[in-house]
Number of protein chains: 2
Amino acid sequence: MHSFTEENYLKTIYALAIRQEGEVTTNALAEMTATKAASVTDMLRKLADKQLIHYRKYQGVRLTEEGERLALKIIRRHRLWEVFLVEKLGFGWDEVHDMAEELEHIRSDELVERLDQYLGHPQFDPHGDPIPTPAGTMPSTGYQKLSEVAAGEEVCIMGVMEHSPEFLQHLARIGLTLGCSLTLREINAFDKSLLVQIQPESALFVSHDVAKNLLVA
Amino acid sequence: MHSFTEENYLKTIYALAIRQEGEVTTNALAEMTATKAASVTDMLRKLADKQLIHYRKYQGVRLTEEGERLALKIIRRHRLWEVFLVEKLGFGWDEVHDMAEELEHIRSDELVERLDQYLGHPQFDPHGDPIPTPAGTMPSTGYQKLSEVAAGEEVCIMGVMEHSPEFLQHLARIGLTLGCSLTLREINAFDKSLLVQIQPESALFVSHDVAKNLLVA
DNA sequence: ATAAAAATTTAGACTTGCCTAAATTTTTTG
DNA sequence: CAAAAAATTTAGGCAAGTCTAAATTTTTAT
């Protein structure tokens, strides 16, 4: 069996690997896990011994097939519990991350599969993230960041890349929700903020930082 | 905050305290937690420092008010999750103990109260155990053990005192379920086994060990 | 191309929760 | 009621996961 902590490192390595191309660095992991670089190095040696990561000293790290399968298993649990918390218990999408962070470590596979069935085999979590398959593969979505869309295009908000309550509450305050369709009117040359139109009558400026974290199709 | 392990000790002390009158012994705790007596002593010192137990060296241990409140909080979580697993996910009452043992440590109070509401404020878990109140008190049931009932009485099975899959599966095999009413025909003088009648036509012998673990009203 | 800066690893130490072995206290028994 | 047995605690140690400080490697910049 794998410890709580090992599972969290695998999940974090996976998350960093898709955000930044190439190998994941020790410092990036230290920042994400709120620990020090020296602690990360210890854990990397341990995960490498267990063949869950490929690790070359000073060079960074990447998941093995087995490591990725495990990471996706944890992410599947996390996202299914988030669906449960929002759909069944009525929590807001900005409230569920920390609880799911604990629930994802409950060990029973049978529990996860029954939960999946109870929830009607959802494809996406409340933030629009795809739910990995039981076999341990991540469905691809083809979404792009709003910050990469060209002016004039009409798109639909499908997900977010940042799950902090602060970001999600900011979206609510400016009136953006999952499924919301919008047209990108112009991109400000000065600060890269975007003028987006939601209703025929109402348009608003969205900062580049926000646009980077919105997934659209 | 309290650790996983501390919570388990408090819960175990509570469980032993109601089974045996008086103070709970180090050895009993060591057996229940599957550790050694020396390890228990370490933890008792720690819990006493935190004012969660009254502890006198060599004399045994008992919960403080605060310790009991915390123990009942954990037991409330455990039993609510068991209701969820059986009522919503369709698990058998003999399958849920280990999963609930993990789920009971999820920290959010808000989660527990929402779960309670979602389940319709159940009064009893799938084994007939009463669910402690949010305020941290244990509802009393007035049930007695089947082994303490006099011959001739008619009673109804309200709960069990033993939660192992082995015991619960044995009950199913001999045809006893929660809510099942039965008449105690006679008590065998040799081995204290009980002849109980369920249907007008069918009677069966129940061992003293089984009767000790059945709660009736 | 090499010196300074940044990133990473190593060394040694701390905490939690557990262990074994030995010492101590309590209980049982002849 | 004293000696043996049982229960409990103390002492010293170990593994996991973390830390700080120092050493090493890689990267950056002059």
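Below, read A as the first sequence line, B as the second, and so on, with proteins coming before strands; counting in each chain starts at 1.
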When you check the phosphate oxygens OP1 and OP2 of D/dT18, does a side-chain N or O of A/Ser39 lie under 4.0 Å from one of them? no

Let me check something: any side-chain donor-acceptor pairs from residues 33-40 of chain B under 3.5 Å, sequence neighbours excluded? List them with distances.
| from | atom 1 | to | atom 2 | distance (Å) |
| --- | --- | --- | --- | --- |
| B/Thr33 | OG1 | B/Leu29 | O | 2.7 |
| B/Thr33 | OG1 | B/Thr35 | OG1 | 3.0 |

Side chains of A/Asn27 and A/Thr25, donor plus acceptor under 3.5 Å: no

Please identify each residue that fulfils ring pair (Phe, Tyr, Trp, His ring centres under 6.0 Å) with A/Phe84, with sequence neighbours left out. A/Trp81, B/Phe84

For DNA chain C, which residues in residues 4-16 of chain B have a heavy atom at a distance below 4.0 Å? B/Thr5, B/Tyr9

Per the ring pair (Phe, Tyr, Trp, His ring centres under 6.0 Å) rule, what does the pair list look like for residues 33-59 of chain B, sequence neighbours excluded? none

Scan for salt bridge (Lys or Arg N to Asp or Glu O under 4.0 Å) pairs involving residues 131-140 of chain A, sequence neighbours excluded, and state none if there are none. none

Which residue pairs satisfy the salt bridge (Lys or Arg N to Asp or Glu O under 4.0 Å) criterion with at least one member in residues 49-63 of chain B, sequence neighbours excluded? B/Glu6-B/Lys50, B/Glu23-B/Arg56, B/Glu23-B/Arg62

Not counting sequence neighbours, list each pair that qualifies as a salt bridge (Lys or Arg N to Asp or Glu O under 4.0 Å) and has a residue in residues 165-174 of chain B. none

Could you work out, with side chain to side chain donor-acceptor pair (under 3.5 Å) as the rule, every residue matching B/Arg69, not counting sequence neighbours? B/Glu66

Heavy atom of residues 26-38 of chain A under 4.0 Å from DNA chain C: which residues? A/Thr26, A/Asn27, A/Ala37, A/Ala38

List, one per line, each side-chain donor-acceptor pair under 3.5 Å for residues 208-217 of chain B, sequence neighbours excluded.
| from | atom 1 | to | atom 2 | distance (Å) |
| --- | --- | --- | --- | --- |
| B/Asp209 | OD1 | B/Lys212 | NZ | 3.3 |
| B/Asn213 | ND2 | B/Asp209 | O | 2.9 |

Whole angstrom value for the distance that separates P of C/dT8 from CZ of A/Arg45: 17 Å

Ring pair (Phe, Tyr, Trp, His ring centres under 6.0 Å) contacts in which one or both residues fall within residues 104-138 of chain A, not counting sequence neighbours: A/Phe4-A/His105, A/Trp93-A/His127, A/His127-A/His163

All N/O contacts under 3.5 Å from nucleotides 23-26 of chain D to the protein, with atom names and distances to one decimal?
none

